[in-house]
Number of protein chains: 2
Amino acid sequence: MAKKNAPTIKDVARAAGVSVGTVSKVINGIAVRKESQRKVQEAIEALHYEVNTYARGLKISKSGLVALIVPNTMNPFYATFADHIEAALYEHSLKLILCCSDEIPEKELEYLNSAKQNKVDGIIALTYSDIGSHITDGTPIVVFDRFFENRSIPRVGSDNFTGACMAVEKLLELGCRHPVYIRFHSKFPGEADKRRDGYLYACQRHNLEPDYLDMVDDGTWREALGEFLERHKRPDGSLTFDGVFAHTDFHGYHFMKMLTENGYRVPEDVQLIGFDGIERFGTPGDYVISTMCQPVRQLAQKCVEIILLEDRSTVPSLTLLPVTYCYGGTTREPGR
Amino acid sequence: MAKKNAPTIKDVARAAGVSVGTVSKVINGIAVRKESQRKVQEAIEALHYEVNTYARGLKISKSGLVALIVPNTMNPFYATFADHIEAALYEHSLKLILCCSDEIPEKELEYLNSAKQNKVDGIIALTYSDIGSHITDGTPIVVFDRFFENRSIPRVGSDNFTGACMAVEKLLELGCRHPVYIRFHSKFPGEADKRRDGYLYACQRHNLEPDYLDMVDDGTWREALGEFLERHKRPDGSLTFDGVFAHTDFHGYHFMKMLTENGYRVPEDVQLIGFDGIERFGTPGDYVISTMCQPVRQLAQKCVEIILLEDRSTVPSLTLLPVTYCYGGTTREPGR
DNA sequence: CTGTTAGCGCTTTCAC
DNA sequence: GTGAAAGCGCTAACAG
């Protein structure tokens with residue numbers, strides 16, 4: 001905002017009959033004489049004075065800005081995360097610079113550099129490239145949900161491994177005998193890979209033969225799901241599995257649709273649990289499918305908390321928060 | 001980012017053996033001797049120099065920041081809008097400050113003031129309070145989707161009136177004889193009110209008896225919809241309406257669910273068209289219900305375009321973009 | 001073309 | 001407690 005003739009601290013000082021130093025003290029809540037305090041306050045009101053953040057930033061090199069790098073805000077998971085980050089930042093009088101990378105590594109890097117240039121007080125990143133290796137200066141940074149080799153950067157995420165185990169065990173508890181796992185993942189390795197490990201571990205622990213679809217998401221997931229379904233049909237048309245743990249709610253939802261369209265009843269014939277905790281229209285509690293819900297709000301708060309930590313030597317290098325099972329209509333629930 | 005010893009323009013000048021003025025010129029793309037150009041560039045590389053945005057901002061009072069005030073980003077409509085705004089800003093090398101107001105007037109105002117204080121180059125606002133009356137200085141601002149009394153502020157939105165007419169006519173075209181309208185609105189007046197006007201106009205034009213539910217959204221919409229449904233059941237169980245124009249996809253979706261749960265088939269018994277163009281998981285083209293789709297992307301671009309307009313006297317005070325009908329499974333479509 | 005220089009508005013010593 | 005003054009890093013005007 002290029003307000004041409006905005007009043008400066010000088011104008012206030014003149015109007016209040018004190019020096020700029022005194023005005024500065026009042027602004028920053030440093031003790032001054034009651035009398036001066038009052039006069040300055042009055043002058044500020046009268047002139048509609050507002051501190052110039054550039055000048056202040058130039059002096060104290062703090063902007064009150066935090067950059068959030070996410071792929072986009074179309075995806076409800078990212079959108080929700082962004083919303084909670086914004087809220088958490090607001091609590092600390094910080095502003096959010098939203099950076100959508102579209103999952104393009106170059107754009108992620110570009111935003112990262114721009115963030116540094118804009119002198120943000122911190123960076124929260126959910127990226128696909130290993131941005132950690134590009135951090136050179138002392139800007140506080142935390143990566144969310146995507147962990148890379150560079151272990152020197154604090155990481156925050158959900159306990160994917162345990163969550164996956166819980167999903168399988170929930171399916172078993174609800175009567176499933178043959179839970180399968182479907183997954184489409186980005187070509188970059190990430191923390192979410194642990195969901196597969198969790199599935200495998202749970203299978204082993206419960207003496208189940210693992211049966212899963214695990215492929216890179218190249219846009220052909222619909223065909224792949226169809227094929228997977230065909231492959232699991234018995235001659236009589238019934239399915240060889242009775243439970244599905246989906247890597248994400250997105251694919252879980254679409255697989256449910258496919259099952260329904262093929263005449264299978266969900267949850268009567270097949271029960272299905274996804275991962276993420278996506279809610280319809282963002283309405284709290286209205287899960288699109290039964291799911292292992294990520295504590296997005298707490299995760300966001302944790303990220304902000306870590307960014308704000310004064311003593312960088314005390315920041316935990318890894319923070320994993322637990323996920324919880326949430327009913328969303330695709331599992332058999334007693335009494336529903 | 002409080003990088004303590006970041007190299008300054010002075011350091012670059014010294015390293016390159018030129019003056020700060022020359023360095024400044026290089027940075028800002030002003031012609032200098034080839035030789036100097038090269039030396040400065042090298043020095044910048046070597047020192048990893050980055051311009052200090054505070055100092056620059058202090059000087060030229062431009063931040064490259066634009067504030068977007070929306071209620072939240074949980075709601076897919078807002079989330080999508082925010083995403084497109086971000087993209088449009090990116091095209092102009094501008095950064096987005098995301099402000100979620102939670103629909104709280106005080107918060108909207110607070111963010112507005114904070115935006116001014118942060119010297120943003122523009123403000124895009126989707127608010128419930130008449131923020132227009134609080135704008136005092138020359139910050140470019142545009143309000144989206146919510147129009148108030150203050151007509152001096154440029155407004156951008158969808159052509160709700162025409163869109164509503166189109167919805168009704170589409171229903172008629174698809175064989176409906178008795179389209180009803182359901183609506184839950186905020187207690188603040190807004191541009192979306194025109195959707196009701198459009199419905200009424202279309203009814204009048206086609207000699208239909210208007211029949212609609214129009215109430216303030218006080219959280220009891222589910223009950224109200226149930227009541228509305230009961231009221232329209234004939235003794236034989238059939239419904240007195242065969243088409244629904246829903247004020248938003250949200251309520252349209254939930255009414256559809258309710259109809260289905262009550263044994264009515266959609267779209268066989270009742271066809272339904274919503275408004276907004278919400279897509280499942282943000283997937284392009286995967287509309288949750290048939291809908292009058294707002295051109296969110298174009299709307300966002302228009303907002304940014306208006307913010308950027310140099311000559312403020314040429315900004316259109318009102319920009320209405322057309323909505324388009326999109327099939328989402330709740331209407332009878334030949335060949336689907 | 002290039003170097004010098006005067007601030008932009010603010011915080012922060014440092015005397016008083 | 002308070003005022004004076006020195007910059008923070010940069011741009012732009014001006015003189016060379």
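None of the values given here were measured: they were computed from a predicted structure. Every chain is numbered from 1 and lettered A, B, ... according to where its sequence line falls, protein lines coming before strand lines.
- In this model, the phosphate group of C/dT2 is approached by a side-chain N or O of B/Ser36 to a distance below 4.0 Å at OP1 or OP2.
- Side-chain N/O atoms of A/Thr8 include none lying less than 4.0 angstrom from OP1 or OP2 on C/dG9.
- Look at A/Ser19 and you'll find a side-chain N or O under 4.0 angstrom from OP1 or OP2 of D/dG3.
- Put simply, the side chain of B/Lys59 and the base of C/dG7 share a donor and an acceptor less than 3.5 Å apart.
- Computed from coordinates, the B/Lys62 NZ to D/dT11 P distance equals 14 Å when rounded to whole Å.
- Distance from the side chain of B/Arg56 is smallest for D/dC10 among the nucleotides D/dC8, C/dT11, D/dC10.
- In this entry the distance linking CZ of B/Arg14 with P of D/dC10 reads 12 Å, nearest Å.
- Counting any heavy atom pair closer than 4.0 Å across all strands shown, A/Thr22 reaches sugar-phosphate atoms only and no base atom.
- Considering only heavy atoms from C-beta on, A/Lys119 stays 4.5 Å or farther from A/Leu65 through its side chain.
- Between B/Val32 and B/Ala55, the one whose closest nucleotide on DNA chain C sits nearer the 5' end is B/Val32.
- Computed from coordinates, the B/Lys25 NZ to D/dA12 P distance equals 10 Å when rounded to whole Å.
- In this structure, B/Tyr111 and A/Tyr90 have tilted ring planes: the angle between them lies in the 30° to 60° band.
- The two residues A/Asn75 and A/Phe77 have their closest heavy-atom pair at OD1-N, 2.7 Å.
- The interatomic distance linking A/Ile30 (CD1) with D/dG1 (C1') rounds to 12 Å, in whole Å.
- For C/dC10, the OP1/OP2 oxygens have a side-chain nitrogen or oxygen of A/Tyr49 closer than 4.0 Å.
- Atom P of nucleotide C/dT2 and atom NZ of B/Lys34 are separated by 12 Å, given to the nearest angstrom.
- Contacts of B/Val20 with the nucleic acid, taken as non-hydrogen atoms under 4.0 Å apart, include base atoms.
- Judged by distance alone, the side chain of A/Asp121 and the main-chain N or O of A/Ser63 form a donor-acceptor pair under 3.5 Å.
- For the pair A/Asn28 CG and C/dT11 P, the computed distance is 5 Å after rounding to whole Å.
- The nearest whole Å value for the distance from the NZ atom in A/Lys119 to the C1' atom in D/dG9 is 10 Å.
- The separation between A/Arg33 atom CZ and C/dC16 atom C1' is 14 Å, rounded to whole Å.
- When each of A/Gln37, A/Arg33, A/Arg38 is checked for a side-chain hydrogen bond (donor to acceptor under 3.5 Å, both in side chains) with A/Glu35, only A/Arg38 meets the rule.
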